Chemist: 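Take a look at this one; I'll ask things after.
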Amino acid sequence: ASDVPLPPLPKAIIAPHAGYIYSGPIAASVYARLKPLRGRIERVVLLGPCHRVAVRGLALSGADAFATPLGNVPVDKEAVAALAGLPQVSTFDATHAQEHSLEVHLPFLQEILGAFKLVPLVVGDASADQVAEVLERLWGGPETLIVVSSDLSHYLDYDTANRLDRETCAAIESLDFTRIGRDQACGRIPVSGLLALAKRRGLGVDTLDLRNSGDTAGPRDRVVGYGAWMFFEKERQNASPDPENADDYEQFARHTREILNEHGETLLHTAAASIEFGLEYASTPPIDITHFAADLQSPGATFITLKRGKNLRGCIGSSQAYRPLIADTAENAYAAAFKDPRFNPLQAGEVDDLSLSVSVLSPSSPMTFRNEADLLRQLRPGCDGLIITEGNKRALFLPVVWETLAKPEDFLSHLKAKAGLAADHWSETFTARRFITEHVTSRDLAYPAGLWRSRPLPGRA
């Protein structure tokens, strides 16, 4: 297993720290993406803002471990020693004693990562450069994960909070900490340090979630905003393509087409075997990804589409890559067959008439537009997949939908309906992201019927 190439890993995340009932779902959206790091991360550098006892600079804890109901997390004394000599860093237990911005993350990290050592830093009065200097010294390699704890806007009405949080999100996506004001994020200072260093190191960033307490468990007259982001090293192969750069899309399409030409049959058989396993055992099959080619072990986002004749029979997938391509295919095939809420669970008698396709999605790119007409002008019929979001409402269309909805205005209005929005809905908080796909279908094989009961699933544990 040591000879298996490791997929690109996230280097840093930003996640919220409010009560779990309020911000837990948003934090979970990023922590769920960290599952492939289990057993690989040895050190977590955790930074959060000071809420209780003021501190100048950044404060370490003198404790040997942090305790949670899941057990103790040891402090990395070797990493702490590496910060010696930095004037902005001190050890100040009083600021840690009742500080929640760090501790609420520990159960997530313990559950997802297993064993690791901790570098806990409460951030008070410091500059972005001072925080970045600390992060640079602790940067390490793939064994080190950086976690920055921050909520967003506080105690505004729902619409105002959405508008302000979108501005904060745009600043984070552009790695521009100068656009984040004091009232936009309680963790503005540690976030600013991460953004400053991320820009110098050329990191990519993906937005995973952006909601507030009015979307989760609270009233909408006074809400607190939350967001979740992942940062990736420059060499990451599936960084979000620039929509203005056709070469980015062509490179993704060419690389993905090469994967499908070589491994498309394996993906189709894996999807079929997952469905057959689900028919027998009512669950997804356990697989060992090390039995598969390196390209299939790397993170990938897929949608699985099932049809009987020309009629849709199920379609479910992932909008972002967060697990190995082969595992994503197996999980989504099972979900498309048995979990699509538009259909009853697939029955054994339907299998022989079933065809399926595996679509591999590029990372999505945020679109910037002035109004709906501007958005419609930017859409590329037959090419763009689209994800729209309004508050907690969200919907996705694959590019194949252009075959039945050829006009941009029809494409967008039907996507709004899928999200539960009116066809004429528009607001300042409406967002859109686009992506492209490459796909392989059972019709591409010379023996489509051979998908079913033809061979066992490789890598069954």
Side-chain angles (χ1 to χ4, degrees), residues 1-2 4-18 20 23-48 60-61 63-80 82 96 99-122 134-135 138-150 187 190 194 198 203 205-206 208-209 226-233 236 286 288-290 297-299 318 320-324 327-328 331 461:
S2 60
V4 177
L6 297 179
L9 301 176
K11 183 62 184 177
I13 68 170
I14 298 174
H17 56 240
Y20 293 141
S23 70
I26 292 82
S29 70
V30 64
Y31 280 115
R33 268 65 171 183
L34 301 185
K35 288 181 179 180
L37 289 100
R38 188 178 184 91
R40 301 175 182 177
I41 295 298
E42 300 172 8
R43 176 189 302 118
V44 174
V45 181
L46 177 58
L47 299 87
L60 290 160
S61 169
D64 292 327
F66 276 50
T68 82
L70 300 181
N72 292 343
V73 181
V75 172
D76 190 335
K77 296 297 186 179
E78 182 179 343
V80 167
H96 281 273
E99 182 53 63
H100 68 280
S101 70
L102 302 186
E103 293 186 356
V104 298
H105 290 279
L106 295 180
F108 281 112
L109 290 163
Q110 289 172 287
E111 182 67 22
I112 295 298
L113 299 181
F116 63 92
K117 291 184 178 181
L118 180 69
V119 184
L121 288 158
V122 173
V134 172
L135 292 177
L138 296 173
W139 194 258
E143 82 291 337
T144 299
L145 173 71
I146 294 168
V147 177
V148 173
S149 172
S150 182
L194 174 60
L203 267 62
V205 57
D206 285 347
L208 299 181
D209 207 345
Y226 315 115
W229 293 268
M230 294 182 81
F231 295 77
F232 295 86
E233 302 276 16
R236 177 189 177 212
D288 181 351
I289 68 168
T290 63
Q297 295 182 45
S298 296
S318 305
Q320 299 194 47
Y322 66 97
R323 58 188 171 193
D328 201 66
E331 293 285 343

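Quantities reported herein were computed from a predicted structural model and do not represent experimental measurements. Because only heavy atoms are used, hydrogens play no part in the values below, and waters and symmetry mates are left out as well, while side chains stay in.
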Chemist: Would you call Val30 and Met230 a side-chain contact if the rule is heavy atoms closer than 4.5 Å?
Modeler: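 Yes, close enough: below the 4.5 Å cut-off.
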Chemist: Are more than 12 heavy atoms, taken from residues, nucleotides or ligands other than Glu111, located less than 6.0 Å from that residue's CD atom?
Modeler: no
Chemist: Is the Tyr31 ring parallel, tilted or perpendicular to the Phe108 ring (thresholds 30°, 60°)?
Modeler: parallel
Chemist: Go through Leu106 and Leu46 one step at a time and tell me if the side chain to side chain contact (heavy atoms under 4.5 Å, CB included) criterion holds.
Modeler: CA-CA 9 Å; Leu106 295 180; Leu46 177 58; 4.0 Å; yes
Chemist: Using only heavy-atom distances, determine whether the side chains of His105 and Ser149 contain a donor-acceptor pair under 3.5 Å.
Modeler: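 Result is yes, a qualifying pair exists.
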Chemist: Taking the side chain as every heavy atom from C-beta outward, state whether Val75 and Phe66 have any atom pair closer than 4.5 Å.
Modeler: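 They are in contact (side-chain heavy atoms under 4.5 Å apart), so the answer is yes.
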Chemist: Sequence neighbours excluded, which residues qualify as ring pair (Phe, Tyr, Trp, His ring centres under 6.0 Å) partners of Phe116?
Modeler: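 For Phe116 there are no ring pair (Phe, Tyr, Trp, His ring centres under 6.0 Å) partners, ignoring immediate neighbours.
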Chemist: Between Arg43 (side chain only) and Lys117 (backbone N and O only), is there a donor and an acceptor less than 3.5 Å apart?
Modeler: no
Chemist: Any side-chain to backbone donor/acceptor pair from Lys11 onto Gly141? Under 3.5 Å, distance only.
Modeler: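 Yes, the answer is positive, given that a donor and an acceptor are paired below the 3.5 Å cut-off.
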Chemist: Does the side chain of Thr144 come within less than 4.5 Å of Val45's, by heavy atoms?
Modeler: yes
Chemist: Any heavy-atom pair between the side chains of Leu37 and Ile112 that's under 4.5 Å?
Modeler: no
Chemist: Does some side-chain heavy atom of Ile13 sit less than 4.5 Å from a side-chain heavy atom of Val148?
Modeler: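 Of all side-chain heavy-atom pairs linking Ile13 with Val148, none is under 4.5 Å.
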Chemist: Show your reasoning for whether side chain to side chain contact (heavy atoms under 4.5 Å, CB included) applies to Val44 and Asp76.
Modeler: CA-CA 9 Å; Val44 174; Asp76 190 335; over 6 Å; no
Chemist: Mind running side chain to side chain contact (heavy atoms under 4.5 Å, CB included) on Leu145 and Leu113 for me, showing each step along the way?
Modeler: CA-CA 10 Å; Leu145 173 71; Leu113 299 181; 4.2 Å; yes
Chemist: If we only count heavy atoms from C-beta on, is the Arg33 to Pro10 side-chain gap below 4.5 Å?
Modeler: no
Chemist: For Asp209, does its backbone N or O pair with a side-chain atom of Tyr226 as donor and acceptor, under 3.5 Å?
Modeler: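 Pair absent, no side-chain N/O of Tyr226 close to backbone of Asp209.
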Chemist: Given side chains that start at C-beta, do those of Val119 and Leu60 come closer than 4.5 Å, heavy atoms only?
Modeler: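 The answer is yes, as the side chains (C-beta and beyond) meet within the 4.5 Å cut-off.
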Chemist: Are any of the side-chain heavy atoms of Leu109 and Val73 separated by less than 4.5 Å?
Modeler: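 Side-chain contact under 4.5 Å: no.
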Chemist: Would the distance check show the side chain of Glu99 and the main-chain N or O of Val122 forming a donor-acceptor pair, the cut-off being under 3.5 Å?
Modeler: no
